[in-house]
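None of these values were measured; they are calculated from a predicted model.
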Amino acid sequence: MGVFIVAVTNTNPFPPNLNLNSKNGGSHDRKQLISRLHKCRNINQLAQIQAKMIRNGHEQDPFLLFEVLRLCSNWNSIDYASKIFEHIKNPNVFLYTALIDGHISSGSCLHGIRLYSRMVDESIKSDPYVIASVLKACGFELALKEGRVVHGSALKMQLDSNRSVRLRLMEFYGRCGAFKDAQQVFDEMPQGDVVASTIMLSCCIIHGLIDKAFAIFTQVSARDTVCWTAMIDGFVRNGEMNRALRLFMKMQGEAVRPNEVTVVCVLSACSQLGALELGRWVHSYVGKYKIKLNHFVGSALISMYSRCGSLEEAQEVFVEMTDRDVITYNSMIVGLAMHGKSREAIELFQAMVKQGLRPSSITFVGVLNACSHGGLVDLGFKIFDSMVKDYNIEPQIEHYGCMVDLISRMGHLEEACNFIRRMKVAPDHIVWGSLLNACKIHGNLKLGVQVAKILVDGGIADSGTYILLSNVLASSGKWEEAAMVRAKMRHSGILKEPGCSSIEVKNEIHEFLLGDLRHPQKEEIYKKLDKLNIILRSEGYSPATEEVLQDIEEGEKEWALAIHSERLAICYGLITTEPGSTIRVMKNLRVCNDCHSMIKLIAKITKRKIVVRDRNRFHHFEDGSCSCGDYW
DNA sequence: CTAGGGTTAG
C-alpha cells in the first residue's frame, strides 16, 4: 500500500441542483424513493427501486446511493454493493465509508483497506467516520503498518480527538498486540468510559491475557451488560468455564440483565462442562426474561443440549425454531452425528438442501462425521465429491480427517494411505492419528509403527500419538517396546493428558481423575464399585487386561483398569440419583474397550440408561448394549 | 439532508 495523501476537496462535476426533471416532480420522486429504501427488505425490492432511480434520473444521487450501499452491507451482499459502486461516477467519502463497512462485515477487511487507499489516491478528503472504519479494518487484518499510516493522517487532519476515532485506534493497536500504543490512547481518554474499557479488555482476551482483562474489568465502575458479557466470554474462550459461570451468577447478583449474547456465552460454557441442569435453567431464563430465540441463541441451545447428552431436548428446540438458517441446521446435524444418528443427520442435510439453504464447510464436517460413525463409506465418498462439484467448497483438513477415519476404520488401511497421499493439504496429527487408531483396531502393527514414526519424526506427535502407539504395541504383547515408547514420551517432556470424567448432580459438577481419592464420598463410591465388580464377574465379565498401558503384573493391571475415571463418575451417579434415571458422564479422552464393555453390563444390571460423552462422540448404554454398536 | 461504542453460534 502506498502512502496516503491528504486531499483538499471533493470536486463533483455534477452539481446536485442540475436535475433533468421538473423541480417539484423530481424532489417528490426523490422523497418517495427514500421512503421506499427505508422499507426495503431484500435484494429484489432493491433492484426495483434502483430501476426507478435510473428512470427518474437519480442514479448518481449520492444520498440515495448511500442508502443503497448500506442496505447491501446489512445483508452481507458485498458483491452486489461493489458492482453498484463501480458504476458511481464520483463516489464521495460517505459512499466509500459505506462500502468499506460492507467489506468489513463480510470479513474481507483487506478489500476495505485497499478501498480507503484508493479513496486517498482519488484525493477525497477523509472524515472521522471513514478513519474509524479503516482503522477497524486494519485491526481485524492485523495491518499494523497501514494502520499507523492512517493514524498519522488522522493526526495531520486533527481528527484524533474524535471519540470514535480514538476507540478504533485503541481497538486497532490492541488487536495487533501493540499494547503500549493501545494503552496510551486508552489513558488519554476520559476516565470511566465503559466502552473504551470493554474494547481494551476484549483485546487482552484475544491475546490470552485473561488476568489483565479481568483487572481492567474490575476497575470499571459502571459495568453494563456488554462489559459483563465480554468478560464472561473471555473466561469461556480461555477454558475457564467455572469462572465464567461464577461471573454470570455475580452479574445477576448485581442486577445487570443478560441479553442474547450473554446467554450464548453462558450456554457455550454449559456445553463444554456438560452442565445439563444449568443449561436447562438458562433455557428457562430465556423464556422468562423475553430473550429472543434468535439464530444465535437457538443454535447455542441446540448445541448445548446435544453436547450435554440430551439429543431429545436439542431436537425440541430445533422443531420450535421455525426460522432456521445454515447454522441452526449445522448445530442439529453435528449433534445427530455426535450421537451416532448417522441416517438422521444425513436426512437433515438433504432436507436443508431441499429448503434452498447452501451448506457450509461445517455442514460437511458434520455429515462426513455421521458417515464415519455409521461406517457409510460409499455415501461418504459421494458427499465428499459433491462438496467441490456441487457446492464449490474446497475440502479442508477436517474433511480429509473424517474421510481417513471413515476409510481406515472400516479396515481399508491401504486405501486410507493412498487417500492421504492424494490429499491437497499436508496431513496433520489428527489425520495420522485416525490411521494409527485404525491400525490398533485392526491389529496392523507394522503400519501402526510406520505411522507413529512419521508423527514423531515430523515433530507433530502429541501425548495421544505416544499413547496410541504404546497401545498398538501392547495389544500385540510387545510390553517392553510399549514401555519404551512411554519412557520416550516422558523424556521428550510431553505429558499424558490425565483422564478426567465428570457428572452433574444437583447443579454441581463432580470431577474424577484416574483412581481419584479426593471426593468426600469416596468410600461409598469405591464400595459401590466393589459391589458392582462382584456382580459383573458373576455375569461373566472378565477385565481385558491387554488394554493396560504398562507392562505390569496381572493383579495390578486389573486394579488399574478398575478405576478409570468414568467408572468412578458412574458409581457416584448410581448412589446419588433416583433409581431408573439417566446417568450422564462426560470424559475428556476416549473410552477404552474394557470400560465400554463394563458399562454395557452396568447399564443392564442396574436398569439405567447411561450416556457417556467421550472425546469424539456419545455412547448411549442401555440394557447391555451401546448405541455405537461397539464401533467407535 | 447522509453515519455503529463495545460482547455472539458450528
Is there a residue in residues 181-194 of chain A whose heavy atoms reach under 4.0 Å of DNA chain B, and which residues are they?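 Listed by number, they are A:D193, A:V194.
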Measure from [atom1] on [X] to [atom2] on [N] and round the result to the nearest Å.
| X | N | atom1 | atom2 | result |
| --- | --- | --- | --- | --- |
| A:H295 | B:dA9 | NE2 | C1' | 11 Å |
| A:M231 | B:dG6 | CE | C1' | 14 Å |
| A:L169 | B:dG6 | CG | P | 15 Å |
| A:N92 | B:dA3 | CG | C1' | 12 Å |
| A:L348 | B:dG10 | CG | P | 17 Å |
| A:I199 | B:dT7 | CD1 | C1' | 11 Å |
| A:R358 | B:dG10 | CZ | P | 20 Å |
| A:I333 | B:dG10 | CD1 | C1' | 10 Å |

Per [X] side chain, nearest of listed nucleotides [options]:
| X | options | value |
| --- | --- | --- |
| A:R168 | B:dA9, B:dT8, B:dG4 | B:dG4 |
| A:F66 | B:dT7, B:dT2, B:dG10 | B:dT2 |
| A:F63 | B:dG6, B:dT2, B:dT7 | B:dT2 |
| A:V261 | B:dT8, B:dG10, B:dG6 | B:dT8 |
| A:T97 | B:dT8, B:dG6, B:dA3 | B:dA3 |
| A:R70 | B:dA9, B:dA3, B:dG6 | B:dA3 |

Under 4.0 Å from OP1 or OP2 of [N]: is there any side-chain N or O of [X] that close?
| X | N | result |
| --- | --- | --- |
| A:R30 | B:dC1 | no |
| A:R237 | B:dT7 | no |
| A:S303 | B:dG10 | yes |

Check: A:Y96 ring centroid to A:F85 ring centroid under 6.0 Å: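 Ring centroids of A:Y96 and A:F85 are less than 6.0 Å from each other.
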[X] (side chain) and [N] (base): donor-acceptor pair under 3.5 Å:
| X | N | value |
| --- | --- | --- |
| A:T198 | B:dG6 | yes |
| A:D127 | B:dA3 | yes |
| A:T229 | B:dG6 | no |

Contact class for A:S197 vs. all strands (heavy atom < 4.0 Å): base, sugar-phosphate, or nothing?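 The answer is nothing, as A:S197 stays clear of every strand by at least 4.0 Å.
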How would you list, by chain and number, every residue that makes a side chain to side chain donor-acceptor pair (under 3.5 Å) with A:E344, sequence neighbours excluded?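 If we apply the side chain to side chain donor-acceptor pair (under 3.5 Å) test to A:E344, skipping adjacent residues, there are no hits.
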Please determine if A:E86 and A:R118 form a salt bridge, counting it only when a charged side-chain N lies under 4.0 Å from a carboxylate O.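 Counted as a salt bridge, because a side-chain N and a carboxylate O are separated by less than 4.0 Å.
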What I want to find out is whether A:E277 reaches A:R280 closely enough, with some N-O distance under 4.0 Å, to be called a salt bridge.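 Here A:E277 does not pair with A:R280 in a salt bridge, since their nearest N and O are not under 4.0 Å apart.
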Residue pairs, two or more places apart or on separate chains, that pass side chain to side chain donor-acceptor pair (under 3.5 Å) and touch residues 205-224 of chain A: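 The answer is none; no pair qualifies.
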Among A:F349, A:F384, A:Y400, exactly one meets ring pair (Phe, Tyr, Trp, His ring centres under 6.0 Å) together with A:F364. Which residue is that?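 It is A:F349, the one option of A:F349, A:F384, A:Y400 that forms the ring pair (Phe, Tyr, Trp, His ring centres under 6.0 Å) with A:F364.
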Do A:F94 and the base of B:dT2 stack face to face, with centres under 5.5 Å apart and an angle between planes under 30°?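 Aromatic stack with B:dT2 present for A:F94.
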Determine, for A:F140 and A:R175, whether the Lys NZ or Arg CZ falls below 6.0 Å from the six-membered ring centre while staying within 45 degrees of the axis.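 Here A:R175 passes the 6.0 Å and 45° test against A:F140.
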Distance under 6.0 Å and angle within 45° of ring axis: A:R166 vs A:F186: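 No, A:R166 does not sit over the ring of A:F186.
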Anti or syn - B:dG4, cut at 90° from 0: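 Because its glycosidic torsion lies within 90° of 0, B:dG4 adopts the syn conformation.
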